[in-house]
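Indexing begins at 1, ligand by ligand and atom by atom, following the structure's order.
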Amino acid sequence: METLILSGNETSKKIRAEIAGRIKETGIVPSLAVVLVGSDPASAVYVRNKEKACEKTGIRAINHHLPDDTDAATLRNLLMGLDSDPSVDGILLQLPLPAHLDEKDFLPLISAEKDVDGFHPINQGKLLTGEDALFSCTPNGVIQILKHFGVEISGKHAVVLGRSNIVGKPMMSLLLRENATVTVCHSKTADLEKHVATADILIVALGKRGIVKSSWIRPETVVVDVGIHRLDDGSVAGDLEQSELMGRVKALTPVPGGVGPMTITMLLHNTLKAAEKNRQ
Ligand code: GUN
């Protein structure tokens, strides 16, 4: 069986070109404050990629890189200042924070209108109730890949593995919006194999490798692998054993080059959306 490769790179290219075109057309230059606390190497790479993507698209990234030992008051003052600054359209607080800072104390300082990550309870709530809002970037990126490749969602059984606030839960809401029938599985789900085997669309966002066996997945399934792991040999892999699925399932998002680039693309999308609303 030929497996359709659901390329996030290809989907990203199209959407980023649309965003850049819209910025040129409207003359609105969105501004995104990017706040990074500490020197976690993975976070530094993510942030650099986000800033580069902003520049390429015509979004102004305002970088605030703070040292590891930043105290709570300093971070609080910075976020409050950015939130009340009308020239800032979006604020991204890169997670995780250093251990002495609890994200629960700081994320609420970013108002829903500037919450380009889609983490704010108002944005999550509006997503759930079917209103327009800033949606969580990774799950919205998954929907955009499926649409780009013409994967039918309406009426299909989508099985989501993982129930995080950032991926699993908003993924459930977005799939429901697209009229899928949704099952959400998690670490306490009994008989995971049975649920996996009934999926028309399988979204794997467990953050762990080796849990889902390739043999559980039916050939008719469209598979989305949200995981990203750096292996001992330096290579990058998803939650699934991709080589076992290639040629065995209907469609698959590759890792790398699948969901990963879409997270940044939807951040750009949200920043433009916030800016257009902010300038009305
Ligand atoms: N850390 C890892 N992924 C993300 C993300 O999408 N947004 C933020 N703010 N932090 C992250």
Side-chain angles (χ1 to χ4, degrees), residues 8 12 15-16 31-54 59 61-66 68 70 75-76 78-79 82-83 88-99 101-124 127 133-145 162 164-171 173-174 203-208 224-230 236 238-239 253 255-256 258-274:
S12 275
I15 297 178
R16 290 186 197 194
S31 67
L32 174 67
V34 180
V35 181
L36 171 66
V37 187
S39 51
D40 175 64
S43 289
V45 172
Y46 284 138
V47 161
R48 203 173 322 122
N49 287 339
K50 286 172 186 178
E51 289 166 352
K52 264 197 233 156
C54 282
I59 291 173
I62 313 153
N63 311 329
H64 293 274
H65 296 184
L66 307 178
D68 276 296
T70 298
L75 182 56
R76 194 177 309 119
L78 172 64
L79 292 172
L82 293 170
D83 201 61
V88 174
D89 296 304
I91 304 170
L92 178 125
L93 176 61
Q94 184 67 23
L95 303 177
L97 294 173
L101 300 170
D102 186 345
E103 65 191 49
K104 287 197 201 74
D105 296 333
F106 301 99
L107 287 174
L109 303 174
I110 302 169
S111 62
E113 292 76 18
K114 296 193 181 190
D115 164 44
V116 286
D117 265 317
F119 292 169
H120 195 291
I122 288 186
N123 285 322
Q124 297 254 19
L127 168 58
L134 297 170
F135 299 151
S136 230
C137 298
T138 301
N140 199 13
V142 170
I143 297 287
Q144 299 314 314
I145 292 180
S164 71
N165 291 332
I166 295 174
V167 182
K169 287 179 200 164
M171 191 76 252
S173 302
L174 284 162
I203 317 274
V204 185
L206 293 165
K208 268 191 189 159
V224 175
D225 189 344
V226 181
I228 182 143
H229 306 272
R230 173 82 54 187
V236 172
D239 283 351
T253 60
V255 180
V259 178
M262 291 306 295
T263 301
I264 298 185
T265 299
M266 300 324 289
L267 171 74
L268 305 174
H269 166 86
N270 278 350
T271 304
L272 173 60
K273 191 170 175 178

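- Annotation: side chain of Ile228 is in contact with side chain of Val236 (closest heavy-atom distance under 4.5 Å).
- Exactly one residue among Asn49, Thr138, Asn140 makes a side-chain hydrogen bond (donor to acceptor under 3.5 Å, both in side chains) with Thr263. That residue is Thr138.
- Of the N or O atoms in Leu92, none lie within a sub-3.5 Å distance of an N or O in ligand 1.
- Atom 8 (C) of ligand 1 has as its closest protein heavy atom Asp117 OD2, 3.5 Å.
- For ligand 1, the polar-atom distance check against Gln94 finds a nitrogen or oxygen pair separated by under 3.5 Å.
- Annotation: atom 10 (N) of ligand 1 to nearest protein heavy atom, Leu95 N, 3.0 Å.
- Each of the atoms 8 (C), 9 (N) of ligand 1 lies under 4.0 Å from some heavy atom of Leu93.
- Look at Lys50 and you'll find a heavy atom under 4.0 Å from some atom of ligand 1.
- In Ile166, neither the side chain nor the backbone holds a heavy atom less than 4.0 Å from any atom of ligand 1.
- Using a 4.5 Å heavy-atom cutoff, the side chains of Asn165 and Phe119 are not in contact.
- Asp225 and Thr253 are not linked by any side-chain donor-acceptor pair at a separation below 3.5 angstrom, with hydrogens and angles left out of the test.
- Proximity of Ser164 to Lys169: side-chain heavy atoms (C-beta onward) are nowhere separated by under 4.5 Å.
- Between His120 and Leu107 the shortest side-chain heavy-atom distance does not fall below 4.5 Å.
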